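Each remark here refers to the structure printed beneath this line.
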There are 2 protein chains.
Amino acid sequence: MTPYKGIEKGFGMKKAPTLQDVAAEARVSTATVSRCLNSPDVVSEATRQRVLDAVKALDYAPNFGARALVAKRTLTIGAVIPTMENAIFAEGIQAVQDVLQAEGYMLLVSSSGYDPEAEADAVHTLAARGADGVLLIGLDREPSVYEFLATQQIPAVIVWTHDPNGSVPSVGFDNSAAMVEMTRHALSLGHKKIGVISGRTAGNDRARDRVRGVQTALSEAGIAPAKVIETDYGIAEGGAALSALLAQHPDLTLVICGNDVLAAGAIREARAIGRNVPGDLSITGFDDIGLAALVEPSLTTVRVPHRDMGEAAARAVLALLAGETVAGQALPTELMLRDSLGPAA
Amino acid sequence: MTPYKGIEKGFGMKKAPTLQDVAAEARVSTATVSRCLNSPDVVSEATRQRVLDAVKALDYAPNFGARALVAKRTLTIGAVIPTMENAIFAEGIQAVQDVLQAEGYMLLVSSSGYDPEAEADAVHTLAARGADGVLLIGLDREPSVYEFLATQQIPAVIVWTHDPNGSVPSVGFDNSAAMVEMTRHALSLGHKKIGVISGRTAGNDRARDRVRGVQTALSEAGIAPAKVIETDYGIAEGGAALSALLAQHPDLTLVICGNDVLAAGAIREARAIGRNVPGDLSITGFDDIGLAALVEPSLTTVRVPHRDMGEAAARAVLALLAGETVAGQALPTELMLRDSLGPAA
DNA sequence: TGACGTCTTGTAAGCGCTTACATGACGCCT
DNA sequence: AGGCGTCATGTAAGCGCTTACAAGACGTCA
């Protein structure tokens with residue numbers, strides 16, 4: 001096994017080339033080199049070529065700190081998401097990234113693990129790291145976070161939910177409305193005994209809105225509120241929650257899950273304990289992750305436009321950064337009717 | 001809908017306070033303020049208090065660019081991964097992130113979409129962004145990338161594969177050996193007509209090593225080489241590849257897939273065209289993503305320790321940064337025997 | 001021919017911070 | 001009392017880059 005030396009101290013230490021070095025190599029002033037890199041059209045063809053050759057020859061890369069110092073911006077956007085372990089966030093982030101990268105920005109990611117305090121910390125760190133703007137998931141957080149962002153003059157955009165009246169622009173969808181739609185459809189299939197497996201709702205407005213959507217549709221229809229159980233996100237957790245729910249309410253004909261991961265776990269558990277899905281128990285999800293169409297039976301769920309959302313959010317921060325006026329945006333969701341939801345037993 | 005103003009230009013624009021401002025407010029020199037912030041113990045109690053009060057009063061936050069310029073480091077690590085859309089990378093990155101965050105570093109992510117040129121670009125951008133170190137996936141890339149990193153004095157660590165002799169430390173596993181193990185096991189079940197659905201192998205040593213592993217095991221056993229088809233990664237692509245493969249070689253009893261996503265697609269397609277898995281066609285995957293245990297039939301695959309790998313890689317860059325000597329590391333993989341692989345028909 | 005644009009390049013002043021070095025105040029010893 | 005550590009603080013030199021301004025070269029037009 002080869003051992004690798006870290007940064008060489010002292011002796012062999014050859015510094016990275018600077019603008020000066022390039023200027024010397026190309027026999028021009030540093031100003032000219034800088035111009036070649038930032039506004040090439042103002043430099044003569046011949047000089048430009050000479051400079052670019054020198055840049056290549058020295059493998060020069062401008063110093064970030066110096067540039068940020070002068071330009072007063074870092075071309076960096078920070079994002080704080082609950083976790084990349086949920087495909088839905090990973091894909092959303094990928095979309096954000098694609099847009100940012102195309103515009104010359106980079107993404108600084110941070111995750112909170114669904115912990116509001118960790119999220120607040122992350123925002124501070126991001127600010128200290130010079131993020132020009134930040135992306136946040138959901139609305140729920142201490143007002144102090146928003147105040148901090150405001151004093152620091154750091155524009156923020158909220159994703160994954162849409163609040164037309166918030167103090168910060170939000171790009172997302174109406175979690176509650178989507179669940180109302182799903183629930184109404186289920187009601188039309190005759191379901192009356194309904195359970196909900198939700199993610200933790202504390203500090204999570206998306207989860208809360210989804211539950212609220214279900215209850216709204218039920219009360220609209222004059223049906224008893226759903227039995228709700230909260231759990232951490234995860235496949236195993238979804239399964240455990242289903243057992244717990246059924247243990248208390250064996251007569252449920254439908255279990256609505258807060259997301260697809262929970263639903264996948266619930267389906268697996270249901271089958272493991274011999275329940276026929278959707279024959280005697282229907283199960284639905286939310287998000288429409290890739291997995292949703294692959295499980296047996298395939299999952300009836302709500303398709304969330306994560307890519308569009310990520311892209312729109314990225315564009316929104318960029319617009320804010322450009323000093324433009326940005327209105328939030330509500331994106332449509334779509335009910336994906338598959339096999340896990342059937343008529344009530 | 002509320003419209004949100006971007007950065008205020010001109011008028012209302014109050015600049016963020018600088019060290020100077022704090023110094024003036026506290027009636028000390030900038031050096032003293034700096035010392036209060038960086039090595040408080042060298043400043044007298046009284047002065048320190050006065051300075052800290054000023055800091056608080058002005059809501060002062062040190063300028064990132066200036067600090068990076070002087071300190072010659074940004075406490076930022078860059079990572080270039082193919083895509084976050086594959087859960088395996090998303091989870092690996094999450095692990096990296098967790099370690100980095102705990103050590104006060106941040107992660108700058110970039111994705112290449114499996115394009116070597118885009119990856120090289122990303123490395124340059126990362127360097128320009130002041131990344132103190134970088135994480136790269138796999139070995140395959142232009143030597144110039146390594147040279148660039150070397151001149152820039154940016155330590156790099158390679159993940160997802162392990163090459164004991166590379167010029168850069170690598171933390172990963174032996175893709176080929178893992179496939180040899182999988183293939184040998186399949187052979188023990190009597191399979192003789194074998195196909196492989198691989199991701200694109202150009203510029204992707206992991207994919208190539210996996211295919212090589214299969215062929216190695218087959219030639220060892222004196223069996224004809226597997227029929228290989230290459231495709232982009234994706235569920236739909238996996239399905240299409242299976243059709244194509246079976247169209248040409250209808251007598252295959254086993255199709256080994258380069259990863260779980262391809263395998264999931266292949267399983268779905270196989271069932272769609274009426275093949276019984278594993279009854280008359282066995283299918284295997286690689287990675288053991290969450291999905292693997294949930295599809296029907298559950299997927300026989302190779303478990304890759306992505307979290308451990310991510311954590312180990314993050315520690316390795318940090319160690320390199322600290323000037324320590326780092327040896328690469330090989331992590332073990334594990335064969336996950338589930339239902340999609342059965343005896344040969 | 002000379003005044004005056006136009007185009008290209010150079011000069012040099014910072015950006016906000018850290019830190020080596022200089023300075024001054026104080027108390028102790030001989 | 002004079003000399004000398006010790007400690008707290010100030011002074012100022014950059015770090016690598018951008019950019020306002022200056023300067024030189026050249027061509028044009030009256």
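The model shown is predicted, which means the values in this text are computed figures rather than measured ones. Chain letters run A, B, ... following the sequence lines, proteins first, then strands; residues in each count from 1.
Atom CG in Asn38(B) sits roughly 13 Å away from atom C1' in dG16(C) (whole-Å rounding). One interatomic measurement links the two molecules: CG of Asp21(A) to C1' of dC15(D), which rounds to 13 Å at whole-angstrom precision. If you take CD of Gln152(B) and C1' of dG16(D), they are 13 Å apart, rounded to a whole angstrom. Spacing between atom CZ of Arg73(B) and atom C1' of dC15(D) amounts to 16 Å, rounded to whole angstrom units. Remark: P of dG14(D) and CG of Leu69(A) are 17 Å apart, rounded to the nearest angstrom. For the pair Gln20(A) CD and dT18(D) C1', the computed distance is 13 Å after rounding to whole Å. Rounded to an integer number of Å, the gap from CZ of Arg48(A) to P of dT8(C) is 9 Å.
Without hydrogens or angle criteria, Asp205(A) side chain to Asp140(A) main chain gives a donor-acceptor distance under 3.5 Å. Side-chain atoms of Ser170(B) come within 3.5 Å of backbone atoms of Asp163(B) as a donor-acceptor pair (strictly under, hydrogens ignored). Looking only at distances, no side-chain donor or acceptor of Gln101(A) sits under 3.5 Å from a matching main-chain atom of Ser110(B).
When the nearest nucleotides of DNA chain D are assigned to Asp41(B) and Ala66(B) by heavy-atom distance, the more 5′-ward of the two goes with Asp41(B). Place Ala46(B) and Thr18(A) on DNA chain D by their nearest nucleotides, and Ala46(B) ends up nearer the 5' end. Nearest-nucleotide assignment on DNA chain C puts the 5′-proximal partner with Arg27(A), out of Thr32(B) and Arg27(A).
When heavy atoms are screened at a 4.0 angstrom cut-off, Ser44(B) is found touching the sugar-phosphate backbone but no base atom.
Considering all non-hydrogen atoms of both residues, Glu119(A) and Arg141(A) come closest at OE2-NH2, 2.6 Å. For Leu75(B) against Asp132(B), the heavy-atom pair with the smallest separation is N-OD2, 2.7 Å. Smallest separation of non-hydrogen atoms from Ile93(B) and Val109(B): CG2-CG1, 4.4 Å.
Of the residues in residues 50-64 of chain A, those with a non-hydrogen atom less than 4.0 angstrom from any atom of DNA chain D are Tyr60(A), Pro62(A), Asn63(A).
Residue Val70(A) has its side chain nearest to dC15(C) when only dC15(C), dG14(D), dT9(C) are considered. Counting only heavy atoms from C-beta on, Arg35(A) has its side chain closest to dT9(C) among dT9(C), dG16(C), dC15(C). Comparing dT18(C), dA20(D), dC15(C) by their closest approach to the side chain of Lys72(A) singles out dC15(C). Distances were taken from every side-chain heavy atom of Ser29(A) (C-beta onward) to each of dC17(D), dG10(D), dG10(C); the shortest belongs to dG10(C). The side chain of Leu19(B) lies closest to dT18(C), out of dG10(D), dT9(C), dT18(C). Here the side chain of Ala31(B) is nearest to one of dT18(C), dG16(C), dT11(D), namely dT11(D).
Remark: Ser34(A) is in phosphate contact with dT18(D), judged by side-chain N or O atoms under 4.0 Å from OP1 or OP2.
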N/O donor to acceptor pairs below 3.5 angstrom from side-chain atoms of residues 56-69 of chain A, sequence neighbours left out:
residue: Asn63(A); atom: OD1; partner: Gly65(A); partner atom: N; Å: 2.8
residue: Asn63(A); atom: OD1; partner: Ala66(A); partner atom: N; Å: 2.8
residue: Arg67(A); atom: NH2; partner: Asn38(A); partner atom: OD1; Å: 3.2

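For CZ of Arg50(B), the number of neighbouring non-hydrogen atoms (other residues, nucleotides, ligands) closer than 6.0 Å is greater than 12.
Within the helix from dT1(C)-dA30(D) to dT30(C)-dA1(D), the inter-axis angle between the opening and closing five-pair segments is 60°, rounded to 10°.
The pair Arg315(B)-Glu324(B) does not meet the salt-bridge criterion, since no charged nitrogen lies less than 4.0 angstrom from a carboxylate oxygen.
The line from CD1 of Ile81(B) to CG of Asn86(B) is 9.0 Å long, rounded to the nearest 0.5 Å.
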